[in-house]
Amino acid sequence: RTGEEKPVKIPKICPACGESLERRTGEVAIRCVNRHCPGKKTERLIHFVGGFEIDGLGPKILEQLQQEGLVSDASDLFALTRDELVSLERFADKSAENLVAAIAAAKRITLPRFIGSLGIPHVGEETAQDLAARFQTLEKLRTVSLEELNAVPNVGGVIAASIHDWFGEKHNQAMLDRLLAAGIVIEEPKRAKNQPLAGKSFVFTGEMEMMSREEAKEKVRFLGGEASESVTKKTSYVVIGEKPGSKLEKARTLGVSVINEEGFQKLIGGS
């Protein structure tokens, strides 16, 4: 600091829709109060597409689809046709066909990834995994009680209330119905018959070479273990790649076992 810093002027009006902004008690984030804010809709769609890994469907195209009235929520993506896309700027016959094919190919998804794509406040990758492991199906999760949510490991009162409130909103339930009607297939995560990593938890840090972090996490879960983002005393191993971050120092401080990628490959049997 130099002494020349200036206070940040907090905006009071949403730049996307002109409605008021609010800051909830205990939160840093400033939120638009308008449920139908186009900016919020676009961000929800971007988050959803990231979870489904739909190639070729970037933010600018999503904004364009919204502006043209072709997409209002995530379920509308799966109803897009080649003819609708060809009529838009930036689209030719081939690019329209490729996008429709990419959307169709993304219809099969695991329950954790599906939960994560919904954009439920406070629900990240780890919580999505915990919810999927506990409730197994979307049907069960849609009707779960607040008490049942509070009983899920690593899910506190704030997160439980957020999940319960999200599934309690009629427009969210209607969107889920439309997604299922559009042909979304939620697959059970594949698991090895033997679970050699059961009861063990892993944290990955640094740049991985033999496989991506996501692939490594999926491998851990396939073999019965847990993949986390934070290092605690209960962490079994911290796996380091090139240029590991602060997680390595925390692991050393807590006395957690640290292994490199080669050690991780030996631990999982080289598979």
Under 3.5 Å: donor-acceptor pair, side chain of T253, backbone of E249: yes

State whether the side chain of K247 and the backbone N or O of T205 hold a donor-acceptor pair below 3.5 Å, judged by distance alone. no

Scanning both residues in full, the closest heavy-atom pair of R113 with G51 reads NH2-O, 3.0 Å

Closest non-hydrogen atom pair between R142 and L176, with its separation: NE-CD1, 3.8 Å

Which of Q66, Q67, E63 passes side-chain hydrogen bond (donor to acceptor under 3.5 Å, both in side chains) with T42? Answer is Q66

Donor-acceptor contact below 3.5 Å, side chain S236 vs main chain S201: yes

So, D76 side chain and D73 main chain: donor-acceptor pair closer than 3.5 Å or not? yes

When rounded to the nearest 0.5 angstrom, what distance separates CZ in F135 from CG in L141? 6.5 Å

Between V258 and A251, what is the shortest heavy-atom contact and its length? CG2-CB, 3.9 Å

Applying a strict under-4.5 Å side-chain criterion to I, L, V, M, F, W and Y, I'd like to know whether I10 and L21 cluster together. yes

Polar side-chain atom of N172 near backbone of W166 as donor-acceptor pair, under 3.5 Å: yes

Is there side-chain contact between E169 and R35, with at least one heavy-atom pair below 4.5 Å? yes

So does E261 have more than 12 non-hydrogen atoms from other groups sitting under 6.0 Å from CD? yes

Verify, without hydrogens or angle tests, whether N194 (side chain) and P196 (backbone) share a donor-acceptor contact under 3.5 angstrom. no

Kindly check if the number of other-residue, nucleotide or ligand heavy atoms within 6.0 Å of NZ (K200) is above 12? no

Within the side chain of Q173, is there an N or O that forms a donor-acceptor pair under 3.5 Å with the backbone of H171? no

Residues D83 and T81: side-chain donor-acceptor under 3.5 angstrom: no

Give a yes or no answer on whether the side chain of R134 reaches the backbone of A151 with a donor-acceptor pair at less than 3.5 Å. yes

Give me the ring orientation class for F204 and F264: parallel if the planes are under 30° apart, tilted from 30 to 60°, perpendicular past 60°. perpendicular

Any donor-acceptor N/O pair, E22 side chain to V33 backbone, under 3.5 Å: no

Could you give the distance from CG (L149) to CD (E147), rounded to the nearest 0.5 Å? 9.0 Å

Calculate, to the nearest 0.5 Å, the distance between atoms CZ and CD1 belonging to F114 and I109 respectively. 7.0 Å

Given the rule that I, L, V, M, F, W and Y join up when any side-chain heavy atoms are under 4.5 Å apart, are I268 and I240 in one cluster? no

Just how far is it from atom CD1 of I61 to atom CG of L77, taken to the nearest 0.5 Å? 11.0 Å

Is it true that R82 and D93 have a side-chain N and a carboxylate O under 4.0 angstrom from each other? yes

For the student: nearest non-hydrogen atoms of S230 and S228, plus distance: N-OG, 3.2 Å

Evaluate the side-chain proximity of E19 to H36: yes if any heavy-atom separation is below 4.5 Å, no if none is. no

